[in-house]
Amino acid sequence: MIEQILTDKVTEAVKTLYQLEATPSQIQLQNTRKEFEGDITLVVFPFTKVSRKSPEATAAEVGEFLLAQMREVESFNVIKGFLNLSIKKGYWLSFLSENYKGEKFGFTDADGSQPVVVEYSSPNTNKPLHLGHIRNNLLGFSLSRILQSAGKNVVKVNLVNDRGIHICKSMLAWERWGNGETPESIGLKGDHLVGKYYVVFDKHFKEEISILVAEGMNPEEASKKAPLIIEAQQILQKWEAGDDEVINLWKMMNGWVYDGFAKTYQTLGIEFDKTYYESQTYLLGKKLVEEGVQKGVYTRRADGSVWIDLTADGMDEKLLLRSDGTSVYMTQDLGTAMQRYEEYKPEQLIYVVGNEQEYHFNVLKVVLKHLGCAWSNSIYHLSYGMVELPEGKMKSREGTVVDADDLMQEMFDTSEAMARELGKIEAFDNEEAKNLYRTIGLGALKYFILKVDPKKNMLFNPADSVDFNGNTGPFIQYTYARIKSVLRKAAEAGYGVSFSETDSVELLSQEKELLRKIHDFPGIVSQAAELHSPAVIANYAFDLASEYNRFYHELTILKEENMASRTLRLSLSQFTAKVIANALWLLGIEVPERM
RNA sequence: GGCCUCGUAGCUCAGUGGAUAGAGCAGCAGCCUUCUAAGCUGCGGGUCAAAGGUUCGAAUCCUUUCGGGGUCACCA
């Protein structure tokens with residue numbers, strides 16, 4: 001790419017002219033703003049100290065050097081400290097003719113280094129997935145594809161939290177009030193069925209508490225003494241002891257949940273390379289804690305609990321093992337982190353987890369470091385903000401959660417209604433139409449969520465999310481479909497798409513704008529990978545689609561009579577379609593051939 | 001209260017050291033005898049929360065203040 005060559009030449013220029021060994025951060029290249037002439041701009045302010053000349057004079061000197069030394073540079077102009085370079089038409093045309101098929105344009109093959117492990121989703125098995133999980137899943141899946149496309153070897157893992165008091169609550173409620181209901185018998189998705197009994201438990205539990213409080217007990221004590229919670233705890237103890245009856249019930253109900261999750265993941269288009277279950281890993285951390293005690297980095301108190309003192313690291317004292325010897329959240333994460341390190345020796349260990357757990361991951365890193373694990377630095381917490389609704393935070397207890405399955409269905413229904421309204425359905429048979437509604441509905445949902453910077457809290461306004469106009473997924477999908485339509489018609493007319501740089505042709509400003517935007521894509525992918533941010537890709541995809549729409553409306557393609565120009569525009573169109581498809585693929589968004 | 005984080009147009013968001021801060025939505029006015037109108041064009045809309053500092057240059061970095069959110073469990 002031209003940026004790399006320019007960087008090298010600018011380095012050479014300032015060395016020759018001013019005896020300066022420039023660092024990469026001093027060489028600031030950017031696309032020239034539309035209102036100025038040129039393609040690429042060098043900011044020369046950083047060199048004025050060593051040049052001892054005005055910004056204008058410095059820019060002119062560097063410009064002369066580049067013009068003399070680089071065959072790609074056509075001309076330059078200087079405005080204040082900005083050196084605007086015009087790149088020769090030949091560079092753009094050969095870039096187009098070499099890449100317009102674009103199959104893997106912007107994507108880098110795996111470099112053979114150690115893998116990057118990305119953990120995401122990590123659901124509890126007591127309730128169905130909701131909007132918060134959707135953000136998690138979309139971020140994790142998209143990030144995995146972005147890293148993979150930037151040349152990393154990626155392993156996508158899921159850690160299912162399948163044990164603990166929460167699932168025991170659902171089990172108890174189902175046993176007592178379930179009447180033997182199964183997903184088949186009442187036609188309810190398994191995860192929803194189990195979630196239903198979690199709510200049933202909570203209802204009866206609250207009743208018991210209010211009775212106890214009415215009898216004079218204080219609320220906090222009541223929530224610990226209510227018969228239901230005590231019973232649930234007994235079930236948990238039986239589970240840990242391996243009681244057959246409890247284990248069988250647990251297996252059956254978790255099985256229902258897994259079936260339900262599998263369906264949701266499939267509809268959402270999310271997958272994993274490997275799924276871990278906490279029931280199989282929750283004991284791993286204890287051994288590590290014992291090791292720490294023996295090394296003297298953790299301390300065991302008189303009551304038997306184990307602690308680490310992190311006040312020297314600016315944090316608190318942290319519990320690592322309960323006085324009864326059972327493990328806490330941190331113990332488990334220590335264990336699974338170590339397991340994953342030993343299994344993959346990853347270059348980076350990424351956790352896609354909400355920002356309310358930032359402190360937890362800071363502690364995790366430090367605790368591992370104290371154990372002598374230098375690799376704890378390779379842990380990266382992709383900490384995303386929460387999804388808020390117009391009426392405020394989602395609260396499962398108040399029933400304000402947005403269910404993942406319901407939401408997706410609503411998106412499908414809306415896209416169908418929209419298509420009907422626009423009179424689009426005549427062109428499709430039933431099967432095709434149904435797939436299209438899904439593609440577009442999901443495209444809208446995914447784009448809506450992924451376009452926002454992961455680390456920021458975001459507002460999910462249902463009315464906005466089903467909007468298919470403007471800065472939305474369907475807008476980008478539509479641009480793609482329209483290009484495909486043009487290409488189909490071109491093929492019918494027997495027009496060639498394959499552009500050769502030797503063709504004598506003008507390069508109009510609209511054509512060059514589009515080409516420059518496409519040219520940026522590989523840089524955008526590596527930037528997204530560095531920042532761990534699908535939003536970078538999403539915003540780029542919208543920019544590119546907008547640029548194409550402008551191009552499309554300002555220039556004719558099929559009606560263009562100059563064959564070379566027509567071919568140029570067709571190959572540009574094909575290139576754009578491919579880059580849009582590649583960008584949307586990184587977001588996990590499918591692209592329709594027609595819509 | 002300590003620590004973390006966010007504050008950009010009426011709303012949702014880009015921009016994170018460079019040129020006159022950008023989009024979409026909403027509002028208004030145009031463009032379908034069509035290479036797909038889920039589109040395009042135009043108009044209006046800003047004390048980048050406030051103040052100070054660093055810099056040739058600050059929405060972006062630093063300090064303070066104000067406001068929102070998170071977190072500081074023998075929960076996960």
Side-chain angles (χ1 to χ4, degrees), chain A residues 25 28 30 32-33 35-36 41 43 45-46 48-49 54-55 79-82 84 122 124 161 164-166 278 301 303-307 314-316 318-324 326-330 332-333 354-360 362-363 383 385-386 388 390 393 415 418-419 421-422 424 427 440 444 448 451-453 455-461 463-465 467-479 481-490 493 495 531 535-536 538-540 542-543 545-546 549-550 552-560 566 569-570 573 594-595:
Chain A
S25 67
Q28 296 176 37
Q30 53 192 259
T32 304
R33 296 176 67 119
E35 57 266 36
F36 302 108
T41 294
V43 184
F45 288 109
T48 53
K49 264 198 183 114
S54 69
I79 295 170
K80 294 193 279 180
F82 299 92
N84 300 322
S122 308
N124 290 346
N161 184 5
I165 192 71
H166 49 80
E278 205 185 281
R301 290 188 181 166
D303 64 2
S305 58
V306 176
W307 296 75
M315 290 175 254
D316 305 321
K318 192 78 194 169
L319 177 83
L320 297 177
L321 211 57
R322 292 196 188 96
S323 49
D324 64 4
T326 58
S327 54
V328 289
Y329 183 39
M330 184 60 67
Q332 295 161 28
D333 261 7
N355 63 8
E356 72 272 13
Q357 292 193 31
E358 242 157 49
Y359 183 69
H360 170 77
N362 287 337
V363 172
S383 164
M386 39 186 39
E388 282 156 17
K393 266 190 77 171
S415 82
M418 206 64 196
E421 199 178 307
L422 293 168
K424 298 252 179 192
I440 293 171
F448 187 82
K451 75 174 175 184
V452 180
D453 183 348
K455 64 176 192 288
K456 289 188 178 174
N457 286 359
M458 65 171 289
L459 182 75
F460 187 88
N461 185 336
D464 291 347
S465 73
D467 199 345
F468 295 171
N469 300 317
N471 188 355
T472 65
F475 166 86
I476 303 168
Q477 291 172 316
Y478 174 73
T479 305
R482 192 158 61 179
I483 296 174
K484 291 307 248 191
S485 166
V486 170
L487 293 173
R488 274 193 301 271
K489 294 213 163 130
Y495 292 158
L531 298 175
V536 173
N539 287 303
Y540 169 81
F542 175 70
D543 272 359
S546 300
N549 277 308
R550 236 166 284 140
Y552 177 90
H553 280 273
E554 287 173 22
L555 300 175
T556 56
I557 301 173
L558 297 173
K559 288 181 198 153
E560 172 61 41
R566 190 178 64 218
R569 288 173 202 169
L570 280 171
S573 296
R594 302 194 296 153
M595 72 180 267

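Below, chains carry the letters A, B, ... as their sequence lines are ordered, and counting in each starts from 1. Because the structure is a prediction, the values reported are computed rather than measured.
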Just compare [options] and give me whichever is closest to any side-chain atom of [X].
X	options	result
A:Leu558	B:C35, B:A76, B:U12	B:C35
A:Asn457	B:A38, B:G69, B:U12	B:G69
A:Asp467	B:A19, B:C25, B:A76	B:C25
A:Lys456	B:A76, B:G18, B:G7	B:G7
A:Asp453	B:A14, B:C75, B:U20	B:A14
A:Glu358	B:A76, B:G18, B:C4	B:C4
A:Phe82	B:G18, B:C13, B:U36	B:G18

Report task. Grab the stems for RNA chain B, please: at least three consecutive Watson-Crick or wobble pairs, both distances below 3.5 Å, written as range with range. Result ->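 Stem list for RNA chain B: B:1-7 with B:66-72, B:10-13 with B:22-25, B:27-31 with B:39-43, B:49-53 with B:61-65.
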Query raised in the report: Under 4.0 angstrom, heavy atoms only, what part of the nucleic acid is A:Phe542 near: base, sugar-phosphate, or nothing?
Result: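 Here A:Phe542 touches the backbone only, sparing every base.
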Does [N] have its OP1 or OP2 closer than 4.0 Å to a side-chain nitrogen or oxygen of [X]?
X	N	value
A:Arg569	B:C35	no
A:Lys424	B:A38	yes
A:Arg482	B:U34	no
A:Asn469	B:G39	yes

Heteroatom pairs (N/O) under 3.5 angstrom, protein to nucleotides 70-73 of chain B:
{"from": "B:C72", "atom 1": "O2'", "to": "A:Asp316", "atom 2": "OD2", "distance (Å)": "2.7"}

Polar-atom pairs under 3.5 Å, protein N or O versus N or O of nucleotides 56-58 of chain B: list them with distances, or write none.
none

Query raised in the report: What is the distance, rounded to the nearest whole Å, between atom OH of A:Tyr552 and atom P of B:G39?
Result: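 It is 13 Å, rounded to the nearest whole Å.
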Query raised in the report: Just checking, is any N or O donor in the side chain of A:Ser305 or A:Arg301 under 3.5 Å from an acceptor N or O on the other one?
Result: no
Report task. Tell whether A:Thr41 reaches the base of B:A19 with its side chain through a donor-acceptor pair below 3.5 angstrom. Result ->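 Yes, the side chain and the base share a sub-3.5 Å donor-acceptor pair.
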Report task. State whether the distance check finds a donor on one side and an acceptor on the other, under 3.5 Å, for side chain A:Asp303 versus base B:C74. Result ->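 Check passes, donor-acceptor contact within cut-off.
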Query raised in the report: Does the side chain of A:Asn549 reach to within under 4.5 Å of the side chain of A:Phe475, using non-hydrogen atoms?
Result: yes
